[in-house]
Protein chains: 2
Amino acid sequence: MPRPSLAAVTAAPPETTLGIRQVSEETGLSIDTLRWYEREGLLPLVERTAGGQRRYPPAALRFIRLVQALRRTGMPVADVRRFIELGGGELANHPERMALLEQQCAQIEQRLAELQDDLAVVRAKIATYRHLIARGLDCEDDLSEELVDQLRTDELLAGTLLDLQR
Amino acid sequence: MPRPSLAAVTAAPPETTLGIRQVSEETGLSIDTLRWYEREGLLPLVERTAGGQRRYPPAALRFIRLVQALRRTGMPVADVRRFIELGGGELANHPERMALLEQQCAQIEQRLAELQDDLAVVRAKIATYRHLIARGLDCEDDLSEELVDQLRTDELLAGTLLDLQR
DNA sequence: CTAGGAGCTGGAGTGCACTCCAGCGCAAGC
DNA sequence: GCTTGCGCTGGAGTGCACTCCAGCTCCTAG
């Protein structure tokens with residue numbers, strides 16, 4: 001499966017340049033979103049046909065994936081834009097761009113930890129229901145204090161919380 | 001450190017019932033959000049003083065933590081409400097509630113995996129910058145195809161991507 | 001008893017990230 | 001050559017989750 005020569009790629013884009021529909025399908029971003037991102041300055045590298053239709057070369061595709069990663073991990077659109085505005089790949093900007101990414105990295109890690117904690121909370125709650133059902137008990141939230149405490153204790157003893165904490 | 005007797009708790013709430021400000025500080029939810037959640041039916045178990053001020057017994061606090069976990073893990077407010085509307089702790093509703101939580105659990109796991117992937121993408125990008133800086137190279141996004149491919153290859157060879165993939 | 005701060009309510013306002021639409025042009029199959 | 005459909009643009013609209021506000025009451029310290 002020989003990759004088309006680089007000359008060919010830059011000179012006369014082969015079928016590796018995708019139309020907006022294909023990109024939408026490949027990335028999961030809606031067509032409207034792709035257009036909107038571009039207007040908002042999040043997507044450089046998008047080319048046009050003579051007729052004005054968008055064409056996405058592989059580099060644009062890769063870029064979109066990065067933008068998706070940043071957006072999904074909670075970076076606001078405005079911040080992604082600032083990241084992108086940080087120059088056309090000049091060496092001088094690399095440290096700053098890297099710093100931004102590292103900051104984002106840290107946030108992702110934090111978010112990851114939080115998610116895991118929250119997952120533990122939800123799992124613990126599921127365990128509570130399992131107990132209640134097993135014992136044929138009513139109540140749970142607006143339940144008497146003793147029961148809650150009882151169950152919390154049960155869970156702790158069973159290691160439910162601890163096991164799932166991380 | 002003897003916990004106040006259960007009778008005492010239910011009969012004459014001691015200082016373990018918190019005011020809205022304390023709850024806000026403890027949970028990180030804004031006062032407005034606490035009031036709004038309550039209006040929206042996400043927070044049962046909140047009591048009132050004679051003067052109409054909110055009082056949060058420990059059970060309410062615990063409930064808030066669950067709601068927070070659900071919200072932070074991406075459950076829409078409307079869904080949290082539906083979960084809560086599912087009856088006042090009657091046994092019959094437990095399976096349904098549990099099912100909802102299990103569904104949420106699955107989504108959290110999916111989100112976790114996605115986050116980890118996205119983290120890998122960002123880290124890979126950081127590695128790219130590190131390479132570029134180390135070699136004193138410009139360009140990066142709008143860079144020539146060769147360079148990207150070169151770097152991608154480098155990263156793969158260096159195991160940067162693979163190491164971080166999971 | 002009074003002054004200042006915290007809380008209350010209902011409702012309006014905000015910010016973000018899309019999403020939809022009208023009105024148009026290009027393009028390809030019949 | 002004409003229809004059918006995709007794509008384009010600028011701008012308006014939407015949904016969600018808060019956030020702010022006016023105008024009031026309540027509570028506490030002096």
Side-chain angles (χ1 to χ4, degrees), chain A residues 13 15 17-43 45-57 60-61 64 66-84 104 107 111 114 118, chain B residues 13 15 17-57 60-61 64 66-85 104 107 111 114 118:
Chain A
E15 62 272 26
T17 34
L18 303 178
I20 197 165
R21 178 161 302 272
Q22 278 120 49
V23 174
S24 167
E25 276 156 15
E26 293 233 348
T27 61
L29 294 172
S30 81
I31 289 176
D32 268 321
T33 299
L34 282 168
R35 287 200 277 242
W36 183 72
Y37 275 8
E38 197 179 332
R39 266 191 253 176
E40 292 294 304
L42 306 202
L43 303 184
L45 312 178
V46 180
E47 297 168 359
R48 299 296 179 115
T49 64
Q53 297 193 203
R54 270 163 260 253
R55 235 76 246 290
Y56 298 80
L61 237 292
I64 290 172
L66 174 64
V67 170
Q68 271 189 298
L70 294 175
R71 287 289 305 115
R72 274 198 301 247
T73 59
M75 183 182 283
V77 165
D79 291 13
V80 178
R81 186 186 10 253
R82 256 184 289 126
F83 171 77
I84 285 154
Q104 183 64 7
Q107 285 196 27
R111 181 92 195 76
E114 195 185 52
D118 291 337
Chain B
E15 62 272 26
T17 33
L18 302 178
I20 198 166
R21 178 161 301 272
Q22 278 118 49
V23 174
S24 167
E25 276 155 15
E26 293 232 347
T27 61
L29 293 173
S30 81
I31 289 177
D32 268 321
T33 299
L34 283 169
R35 288 201 276 243
W36 183 72
Y37 275 7
E38 196 179 334
R39 266 191 253 176
E40 291 295 304
L42 305 202
L43 302 184
L45 311 178
V46 180
E47 297 167 0
R48 298 296 179 116
T49 65
Q53 297 192 201
R54 272 162 259 254
R55 235 76 247 289
Y56 298 79
L61 237 293
I64 290 173
L66 174 63
V67 170
Q68 271 190 297
L70 294 176
R71 286 289 304 116
R72 274 198 300 248
T73 58
M75 185 183 281
V77 165
D79 290 13
V80 178
R81 185 183 16 250
R82 254 185 290 126
F83 171 77
I84 285 153
E85 278 166 359
Q104 183 65 8
Q107 285 195 26
R111 182 89 195 80
E114 197 185 51
D118 291 337

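Convention: sequence-line order gives letters A, B, ...; per-chain numbering from 1. Keep in mind the model is a prediction, meaning the values are calculated, not measured.
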Measure distances between side-chain N and O atoms of B:Arg39 and base N and O atoms of C:dG10, and say whether any donor-acceptor pair falls under 3.5 Å.
-> yes

Taking C:dT19, D:dG7, C:dG7 as options, the one with an atom nearest any side-chain atom of B:Ile31 is C:dG7

Report the distance from atom CE of A:Met75 to atom C1' of C:dC16, rounded to the nearest whole Å.
-> 16 Å

Candidate list A:Leu45, A:Thr27, A:Thr17, A:Ile20, test side chain to side chain contact (heavy atoms under 4.5 Å, CB included), partner A:Tyr56, passing option = A:Ile20

Is a side-chain N or O of A:Arg81 found less than 3.5 angstrom from the main chain of A:Glu40, in a donor-acceptor match?
-> yes

So what does A:Thr49 touch, heavy atoms closer than 4.0 Å: a base, only the sugar-phosphate, or nothing?
-> nothing

From D:dT19, C:dC18, D:dG7, pick the nucleotide closest to the side chain of A:Ile20?
-> D:dG7

A:Arg21 CZ to C:dA27 C1', in whole Å, measures 15 Å

Which part of the nucleic acid, if any, lies within reach of B:Arg35 when heavy atoms closer than 4.0 Å are counted: base, sugar-phosphate only, or nothing?
-> base

Could you state the atom-to-atom distance from CZ of A:Arg72 to C1' of C:dA17 in whole Å?
-> 16 Å

Short side-chain N/O contact from A:Tyr37 to OP1 or OP2 of C:dA17, under 4.0 Å | no

Mapping B:Leu29 and B:Ala50 onto DNA chain D by nearest heavy atom, which one lands closer to the 5' end?
-> B:Leu29

Which heavy atom of A:Arg71 sits nearest a heavy atom of A:Pro76, and at what distance?
-> NH1-CA, 4.0 Å

Identify which nucleotide among D:dC6, D:dC26, C:dA17 has an atom closest to any side-chain atom of B:Gln53, counting heavy atoms from C-beta outward.
-> D:dC26

In whole angstroms, how far is the P atom of D:dT9 from the CD atom of A:Glu40?
-> 14 Å

Using the closest heavy atom to pick a nucleotide of DNA chain C for each, name whichever of B:Asp32 or B:Gln22 lands nearer the 5' end.
-> B:Gln22

Here the distance between atom C1' of C:dA17 and atom CD of A:Glu38, to the nearest Å, is 17 Å

Rounded distance in Å - CZ (B:Arg48) to P (C:dA6) = 19 Å

Examine distances only and state if a side-chain atom of A:Glu38 and a backbone atom of A:Arg35 form a donor-acceptor pair shorter than 3.5 Å.
-> no

Please determine which of B:Gln104, B:Arg111, B:Gln107 meets the side chain to side chain contact (heavy atoms under 4.5 Å, CB included) test together with B:Thr73.
-> B:Gln104

Is there a side-chain polar atom (N or O) of A:Ser30 under 4.0 Å from OP1 or OP2 of C:dT19?
-> yes

With the side chain defined as heavy atoms from C-beta on, A:Arg71 is closest, among D:dC18, D:dC6, C:dC18, to C:dC18

Round to the nearest Å and state the distance from A:Arg55 atom CZ to D:dC6 atom P.
-> 15 Å

In whole angstrom, give the distance that lies between atom CH2 of B:Trp36 and atom P of C:dC8.
-> 18 Å

Check whether any side-chain N or O of B:Arg54 sits under 4.0 Å from OP1 or OP2 of C:dC8, and answer yes or no.
-> yes

